[in-house]
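Both ligands and their constituent atoms are indexed starting at 1 by order of listing.
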Amino acid sequence: MVVVMQEGATEDSVQNVINKLMDMGFDIHRSTGARHTVLGAVGAKVDFDIRDIELLEGVEEVLRITAPYKLASRHFRPEGTLVALDRGVTIGGEEVVVMAGPCSVESPGQIDSVAASVAASGARVLRGGAFKPRSSPYSFQGMGQPGLELMRRAAEKHNLCVVSEVMDHVQIPMMLDYVDMLQVGARNMQNYNLLRELGKVTKPVLLKRGISATIEELLLSAEYIMAGGNYNVVLCERGIRTFDTYLRNTLDIAAIPVIKKLSHLPIVVDPSHGTGRRDKVASMARASVAAGADGLLIEVHNDPEKALSDGAQSLFPEQFEQLMKELRMIAPAVGRRI
Ligand code: PEP
Ligand code: MN
């Protein structure tokens, strides 16, 4: 249930509603918007009379949310959520935030070279995996903490934020020293222990859609993080598995407007994993921006043919530079900027 308070409702009346809801057994999540305070009430099982809330002083509207996710629902924050990273980067506003970098951090020279080129082309966030969820246990598993150190150094040098994947909840405290946003990979979207632990931190979380997850399941996974108190969640469409096998995945561009309607959380798109081939990445990135994506996550490598992971879907730096020029033309046509 969501309780929308009247514009200018006093703090006393807000507290009174909170107390009443807590007496009924609800957990309260408060969102203070530009005009209205909104209270998300979750958890109570007992039947109650909605009028008991509607009649309290300062209450404008009470909405019973029928979707199983409540805090991730658009009703909780009708104006949309802005997720702030460091260096003035905000996801969910007018700027389409481009996050770019290699699939995996491989060496000091590699990460510095990629960071320099993507920063020069206009990326705001450096992506790169130090802990890699590989299908085969014999494939490169990532550099671990030393990889995060290299990434942080390269990001500082080129004025970028850092996003990197956390695979296990025990890695969270250590990773907080290096990253501005913690990525939950597709394979971990329903790792509920991990999601609950991420609800306890304040740093933003980039939550990728599971390989065969529905949009509702994605939003329920976001709800796990938000229920713990961390509302800084950015969703990521990265392609799903369908009956078509031509590409690595089927990028669900329609998920962008669907999620915009259902949820207030920003949605970014990963056309690299969404297609699995570098010759298809640019067109899907352009389509994503045109469809309203709040950001892009793109794999770029200084020498893709020698990459230790996902080389075939990694752009050459020159291709990324050209793509950014095209995106800068598309964004204004849909009221955005890059
Ligand atoms: C990645 O971003 O490198 C990655 C492993 O992505 P996904 O979890 O979407 O497969
Ligand atoms: Mn990858």
Chemist: Who's the nearest protein heavy-atom neighbour of atom 5 (C) of ligand 1, and how far?
Modeler: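 Nearest protein contact, heavy atoms only, for atom 5 (C) of ligand 1 is Glu165 OE1, 3.7 Å.
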
Chemist: Give the intermediate values and the outcome of side-chain hydrogen bond (donor to acceptor under 3.5 Å, both in side chains) for residues Arg74 and Ser263.
Modeler: CA-CA 4 Å; Arg74 174 61 75 170; Ser263 178; over 6 Å; no

Chemist: When the aromatic ring centroids of Tyr231 and His29 are compared, is their separation below 6.0 Å?
Modeler: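 Yes: the rings meet the under 6.0 Å criterion.
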
Chemist: Verify whether the ring centers belonging to Tyr69 and Tyr224 lie closer than 6.0 Å.
Modeler: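 No, too far apart.
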
Chemist: Identify, for atom 6 (O) of ligand 1, the protein heavy atom at the shortest distance, and state residue, atom and that distance.
Modeler: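 Heavy-atom neighbour on the protein nearest atom 6 (O) of ligand 1: Lys208 NZ, 2.8 Å.
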
Chemist: With respect to Ala186, determine whether any N or O atom, backbone or side chain, lies less than 3.5 Å from an N or O atom of ligand 1.
Modeler: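 Right, the criterion is met.
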
Chemist: Would you say Asn191 and His169 are linked by a side-chain donor-acceptor pair, where the criterion is simply a distance under 3.5 Å?
Modeler: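 No.
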
Chemist: Does one side chain, of His301 or Glu106, offer a donor that lies under 3.5 Å from an acceptor on the other?
Modeler: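 There is such a pair between these side chains.
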
Chemist: Would you find a donor on one side and an acceptor on the other, under 3.5 Å apart, between the side chain of Arg277 and the backbone of Leu247?
Modeler: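 Judged by distance alone, no pair lies under 3.5 Å.
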
Chemist: Counting heavy atoms not belonging to Glu57, are there more than 12 under 6.0 Å from its CD?
Modeler: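 Not buried by this count: 12 neighbours or fewer within 6.0 Å.
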
Chemist: In terms of atom number and element, which parts of ligand 1 are under 4.0 angstrom from non-hydrogen atoms of Cys103?
Modeler: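 Result: 3 (O).
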
Chemist: Considering both backbone and side-chain atoms of Arg187, is one of its nitrogen or oxygen atoms within less than 3.5 Å of a nitrogen or oxygen in ligand 1?
Modeler: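 Between Arg187 and ligand 1, an N or O pair is found under 3.5 Å apart.
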
Chemist: Measure from NZ or CZ of Arg127 to the centre of the six-membered ring of Phe320, then state whether that distance is under 6.0 Å and the direction lies within 45° of the axis.
Modeler: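 No, Arg127 and Phe320 do not form such a contact.
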
Chemist: Does one side chain, of Asp310 or Gln313, offer a donor that lies under 3.5 Å from an acceptor on the other?
Modeler: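 Yes, Gln313 and Asp310 have a side-chain donor paired with an acceptor closer than 3.5 Å.
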
Chemist: Before signing off on this row, confirm whether Asp270 and ligand 1 have an N or O atom pair separated by under 3.5 Å.
Modeler: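 Asp270 vs ligand 1: no N/O contact under 3.5 Å.
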
Chemist: Looking only at distances, can you tell me whether any N or O atom of Gln183, backbone or side chain, sits closer than 3.5 Å to an N or O atom of ligand 1?
Modeler: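 Between Gln183 and ligand 1, an N or O pair is found under 3.5 Å apart.
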
Chemist: Taking only heavy atoms of Arg238 into account, list the atoms of ligand 1 that are under 4.0 Å away from them.
Modeler: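 Answer for ligand 1: 7 (P), 9 (O), 10 (O).
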
Chemist: Determine whether Phe140 and Ser104 make a side-chain contact, defined as any pair of heavy atoms from C-beta on separated by less than 4.5 Å.
Modeler: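 A side-chain contact under 4.5 Å exists here.
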
Chemist: In terms of hydrophobic clustering (I, L, V, M, F, W, Y; side-chain heavy atoms under 4.5 Å; direct or indirect links), are Leu176 and Val105 co-clustered?
Modeler: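 Yes, one cluster joins them.
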
Chemist: Listing by chain and number, which protein N, O or S atoms are under 2.8 Å from the Mn ion (ligand 2)?
Modeler: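 Less than 2.8 Å away from the Mn ion (ligand 2) sit Cys103 SG, His273 NE2, Glu299 OE2, Asp310 OD2.
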
Chemist: Counting each atom of ligand 1 from 1 as listed, which ones have a heavy atom of Gly185 under 4.0 Å away?
Modeler: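 Under 4.0 Å from Gly185, ligand 1 has these atoms: 8 (O).
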
Chemist: Among all protein heavy atoms, pick out the one at the shortest distance from atom 4 (C) of ligand 1; state its residue, atom name and that distance to 0.1 Å.
Modeler: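 Answer, as residue, atom name and distance: His273 NE2, 3.4 Å.
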
Chemist: Got the closest protein heavy atom to atom 2 (O) of ligand 1, with its distance?
Modeler: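 Sorting protein heavy atoms by distance from atom 2 (O) of ligand 1 puts Arg127 NH1, 2.8 Å first.
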
Chemist: Under a 4.5 Å cut-off applied to non-hydrogen side-chain atoms, are Leu207 and Leu218 in contact?
Modeler: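 Counting from C-beta outward, Leu207 and Leu218 do come under 4.5 Å.
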
Chemist: Consider ligand 1: state whether an atom of it lies below 4.0 angstrom from any non-hydrogen atom of Gly129.
Modeler: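 It does not; every heavy atom stays at 4.0 Å or beyond.
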
Chemist: Show me which atoms of ligand 1 lie under 4.0 Å from any heavy atom of Glu299.
Modeler: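 In order of numbering, the contacting atoms are 3 (O).
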
